[in-house]
Amino acid sequence: MKSMSNPVRVRYAPSPTGEPHLGNIRSALFNWLYARASGGQFIVRIEDTDRARLVEGAQDSILDALRWLGLDWDEGPEVEGAYGPYVQSERQALGIYQTHTDWLIANDHAYECYCTPERLAAMRQAQQAASKSPGYDRHCRDLAEAARVDFRKQNPTSVVRFKMPLEGEIVINDVVRGEVKFESSLLDDFVILKSDAFPTYHLANVVDDHLMEITHVMRAEEWLPSAPRHKMLYEAFGFEMPELVHLPIILGPDRSKLSKRHGATSTIYYRDEGYLASAMLNFLALLGWSLDDSSEIFSREELLKHFTLERIHASPAVFDKDKLEWYNGVYIRNMDPKALAEELVSYLEASVTGLPTSVARPIDRDYLATIVPLERERLKRLSEAPAMFEFFFIDQPEYDHALLVQKGMDADTTRNAVERALATAETASDWSAAALEATYRALAEDMGLKTGQLFGTIRTAVSGRTATPPLFDMMSVLGHDRVLSRLKAALA
RNA sequence: GGCGCAUUCGUCUAGUGGCCCAGGACAUCGCCCUCUCAAGGCGGAGAUCACGGGUUCAAAUCCCGUAUGCGCUACCA
C-alpha cells in the first residue's frame, strides 16, 4: 500500500500509429480503474516519437475510444495539468530528452555511436550466421575522444546509446509475476536518442514517467523484456523506480498476439458495429482480471469497487467474440427502451448501412419507440437494427410466397387462410394485441388450423419473414392499414 | 538460436495442501415454455488440472525437470 502522501499516478501512453487496438484500450482501462479505485490520477501521454509511423487522426481516434468508454483523464491532451506538455514531440521540442541524454553522456552512462545502418545490418547478419545472440557489439563504446572528433567530421549523424553493465544480474520486480531475473551480459547497449534527435521509447518513457511522478507502470507483457533496460536507466539517473505491472497479452483464436489478421482489433470498429460501451467495458475488464468464481456482470461502479492489482492474471487470454456478443445482448436487454431507441436512430438513418432510402428521414421517433420493445431481446448488435427493423418501415416487404405455406397446408388452404385473415382484419374494431390474438385464435379454431399454421402464414404475409416478434404485438404496432395492404399483397 | 513469461473443460475463469475423481460463464446439445425467432427455466456432454519425477498421511495447489505455446531479440512502440 502506498501512503497517502504518495498518491497513485498512472498513465496510459499510446503511440498514435493507428486505430486504438483492443489490447491497448484494455491497458488504458486497467490504469484508469486503478487510478479511480485508489483515488489517484489517470494521465494520458501521447508517445509520438516515431515520426515515420505517425498516422494522421490516430490520436483523435484513440481519445475517442477513451471517451466512448468513459475513461476520463485528469491530465493529458485537452486537459492540461502541472506536468505538461503531454505529447512527447512537444517535450522533445522543449529539449527535455536532449538534456537528459547530455547528462547521461557527461556522467559516463551513455555515448555517441557513429555506426551506419549498413554496418549494423552486416553485424547482425554475421551474428546470425555464427548463431550468436544478436546485439550491438559496442563498437563505439570505448572510442577515444580523438577518434570521436574524426567520426563527427566524416559522418555528422549519430545516435546515443546507453551503457549497459557488462556483467551481473538485473532483477526486476513485477507486481503480477514477482521477481524476474536477467543476465546483463545478454543485454546490449540500446539506442536512447535517435539520429533525428528524438528519443526512443525507453528513454522517453523513463524520463517522462519520472517527471510526471508516475507511481505504477501498467502496460502489456510484451514490455517485460525491456524492463531491465528501464531499470538501469532509472538507476543511472538516480530516479526512484515505479512499481511494474505487466498485463497479460490478449490473444487471437489461434493463440498468437491479437492482430489484424484475426479480424477487427480497433475499439472504434466495435463501437461502430453497435457494441455498447458498458458491455465492452465489462468484457475487457474480465480479460486478464477476475473477481471470483461467479461474478460475470460488472457495471462501471462495481468494477471500481472490486478492482485490485492482486487479481490481475499472469497468463494470456484469448479474445472471444462470442462472449463479447453475449455481453452486448445482456446490456441491450437491460437498457431502457427509450434510451435504446435513441441509440438506434443513427444506425437506422445511416445512408448506406441504414434503412432503405425509400424510408423518409428523419424516421418517426414515436413509431420507433413502439418497435424497440418488441425487438430489443433479439438484438445482439445495434448495427443489426436496420435489417431487423426494415419491414416495419418499408411499404411492402419482398419475400418468396412459398414461405406462406405452413407445414400440413397446401396452396389452397394457404390462400383461404390469407383471405379469411384479411376479412377478419377488415372488420376488426379493436387493434390491440390482446384483441387481435383473441379473434385470430378463434379463427384458427373455426378453420380447423393449428395456431402455428394460421399464425405462421399471417406472420410471413405481414412481415415477409419467418422469425419475428410475437405476431399480434407486431400487427398492433404495424397498424391496421399496413396489415391490410400486406395481406392483400399476399393474395396477388 | 538466445532470453523471458505462461500452462485448469473449445474459450474466459474459480481454486494459494484436505470442502475438488475440480465450481461458474460463453459456445454447443437436449428438454420445457411457446404463434415463429429470441429471451427465460431445467438438464447433458465437455478438464486423467501440459507431461514426468519428487515432498507430504494428503497436491490442481509446494519443489525439480521436460514439453508446448506465446512474447522480446530495430535509430517501432
Side-chain angles (χ1 to χ4, degrees), chain A residues 13-17 24 47-50 52-53 113 115 117 120-121 124 127-128 130-136 157-161 174 176-177 180-183 186-188 190-202 204-205 219-228 246 248-249 251 253-257 283 286-297 313-327 329-330 333 374-380 406 437 440-441 444 450-460 463 465-472 474:
Chain A
S15 286
T17 54
N24 215 266
E47 308 216 326
D48 58 346
T49 55
D50 185 345
R53 292 206 317 160
C113 168
C115 294
L120 294 174
R124 259 190 292 273
Q127 285 168 338
Q128 214 158 44
S131 55
K132 283 211 197 118
S133 56
Y136 181 58
T157 65
S158 63
V159 300
V160 177
R161 288 181 184 272
D174 181 80
V176 178
R177 285 149 233 277
V180 184
K181 297 172 175 149
F182 297 86
E183 194 61 49
L186 267 13
L187 269 12
D188 69 352
F190 58 98
V191 174
I192 54 175
L193 200 72
K194 301 184 263 192
S195 56
D196 64 359
F198 272 83
T200 59
Y201 169 87
H202 306 296
N205 209 255
R219 62 198 357 167
E221 190 197 333
E222 64 213 60
W223 290 106
L224 191 54
S226 51
H246 287 96
I249 297 207
L251 271 23
D254 65 353
R255 304 202 72 90
S256 66
K257 194 160 107 175
F283 174 73
L286 257 22
L287 233 40
W289 176 87
S290 63
L291 176 64
D292 55 31
D293 62 342
S294 56
S295 306
E296 300 282 342
I297 305 298
H313 307 150
S315 50
V318 173
F319 171 75
D320 182 2
K321 215 181 158 186
D322 282 339
K323 195 145 189 177
L324 205 212
E325 212 162 73
W326 172 74
Y327 271 115
V330 169
R333 271 173 253 131
L374 301 192
E375 294 282 18
R376 185 176 58 159
E377 71 192 36
R378 264 157 282 262
L379 265 182
K380 286 251 188 310
Q406 304 300 302
E437 177 160 4
Y440 278 99
R441 277 192 187 279
K450 288 182 185 159
T451 51
Q453 293 176 309
L454 208 220
F455 295 179
T457 297
I458 301 174
R459 176 189 323 285
T460 302
S463 68
R465 303 183 359 186
T466 55
T468 71
L471 178 61
F472 305 104
M474 184 171 74

Sort out the partner of [N] for me: Watson-Crick or G-U wobble, both distances under 3.5 Å, none otherwise.
N: B/U16; result: none
N: B/A25; result: B/U11
N: B/U48; result: none
N: B/U73; result: B/G1
N: B/C31; result: B/G41
N: B/U68; result: B/A6
N: B/U55; result: none

Could you state the [atom1]-[atom2] distance from [X] to [N], rounded to the nearest angstrom?
X: A/Lys323; N: B/C26; atom1: NZ; atom2: C1'; result: 5 Å
X: A/Leu324; N: B/A27; atom1: CG; atom2: C1'; result: 14 Å
X: A/Asp320; N: B/C9; atom1: CG; atom2: P; result: 15 Å
X: A/Asp322; N: B/C26; atom1: CG; atom2: P; result: 12 Å
X: A/Glu296; N: B/A25; atom1: CD; atom2: P; result: 8 Å
X: A/Leu454; N: B/U36; atom1: CG; atom2: C1'; result: 13 Å
X: A/Leu374; N: B/A39; atom1: CG; atom2: P; result: 16 Å
X: A/Gln406; N: B/U34; atom1: CD; atom2: P; result: 19 Å

Distance between [atom1] atoms of [N] and [M] (Å, rounded):
N: B/C70; M: B/C64; atom1: P; value: 25 Å
N: B/C3; M: B/A47; atom1: C1'; value: 32 Å
N: B/C51; M: B/U68; atom1: P; value: 15 Å
N: B/G65; M: B/G46; atom1: P; value: 36 Å
N: B/U48; M: B/C21; atom1: P; value: 15 Å
N: B/C49; M: B/U8; atom1: C1'; value: 4 Å
N: B/A6; M: B/A50; atom1: P; value: 14 Å
N: B/C19; M: B/C29; atom1: P; value: 34 Å

With rounding to the nearest 0.5 angstrom, report the [atom1] to [atom2] distance, [X] to [Y].
X: A/Ile249; Y: A/Ser315; atom1: CD1; atom2: OG; result: 12.0 Å
X: A/Lys181; Y: A/Glu183; atom1: NZ; atom2: CD; result: 11.0 Å
X: A/Tyr440; Y: A/Leu454; atom1: OH; atom2: CG; result: 8.5 Å

Which nucleotides of nucleotides 41-47 of chain B have their base under 4.0 Å from a protein heavy atom (B), which only their sugar-phosphate (S), and which neither (-), written as one string 5' to 3'?
-> -------
Per-nucleotide protein contact string for nucleotides 65-77 of chain B, where B marks a base within reach and S marks sugar-phosphate only (heavy atoms under 4.0 Å, - for neither) = -----SSSSSBBB
Between the side chains of A/Arg177 and A/His246, does any donor sit under 3.5 Å from an acceptor?
-> no
Exam field: side chain [X] to backbone [Y], donor-acceptor pair closer than 3.5 Å:
X: A/Ser290; Y: A/Asp292; result: no
X: A/Ser15; Y: A/Glu47; result: yes
X: A/Asp188; Y: A/Gly135; result: no

Identify the pairs formed between an N or O of the protein and an N or O of nucleotides 14-17 of chain B at a distance under 3.5 Å, and give each distance.
residue : atom : partner  : partner atom : Å
B/A14   : OP1  : A/Ser290 : OG           : 2.7
B/A14   : OP1  : A/His313 : NE2          : 3.2
B/G15   : OP1  : A/Arg311 : NH1          : 3.2
B/G15   : OP1  : A/Arg311 : NH2          : 3.2

Salt bridge flag under 4.0 Å for residues A/Lys321 and A/Glu325 = no
Could A/Lys323 and A/Asp320 be called an ion pair, given the rule that one side-chain N must be under 4.0 Å from one carboxylate O?
-> no
What nucleic acid atoms does [X] come within less than 4.0 Å of, heavy atoms only: base, sugar-phosphate, or nothing?
X: A/Lys380; value: sugar-phosphate
X: A/Leu186; value: sugar-phosphate
X: A/Thr466; value: base
X: A/Phe182; value: sugar-phosphate
X: A/Pro253; value: nothing
X: A/Arg465; value: nothing

Is A/Val159 close to A/Leu193 at the side-chain level, that is, under 4.5 Å between some pair of heavy atoms?
-> no
Could you tell me if the ring centre of A/Phe283 sits under 6.0 Å from that of A/Phe319?
-> yes
Any idea which heavy atoms bring A/Thr460 and A/Gln406 closest together, and the distance?
-> OG1-NE2, 4.3 Å
By nearest-heavy-atom nucleotide on RNA chain B, the more 5' of A/Leu224 and A/Ala467 is A/Leu224
Do the rings of A/Tyr201 and A/Trp223 sit parallel, tilted or perpendicular, given the 30° and 60° boundaries?
-> parallel
Tell me, please, whether A/Phe190 has A/Arg161 positioned over its six-membered ring: NZ or CZ under 6.0 Å from the ring centre and within 45 degrees of its axis?
-> no
Side-chain donor/acceptor of A/Arg177 to base of B/C5, under 3.5 Å = no
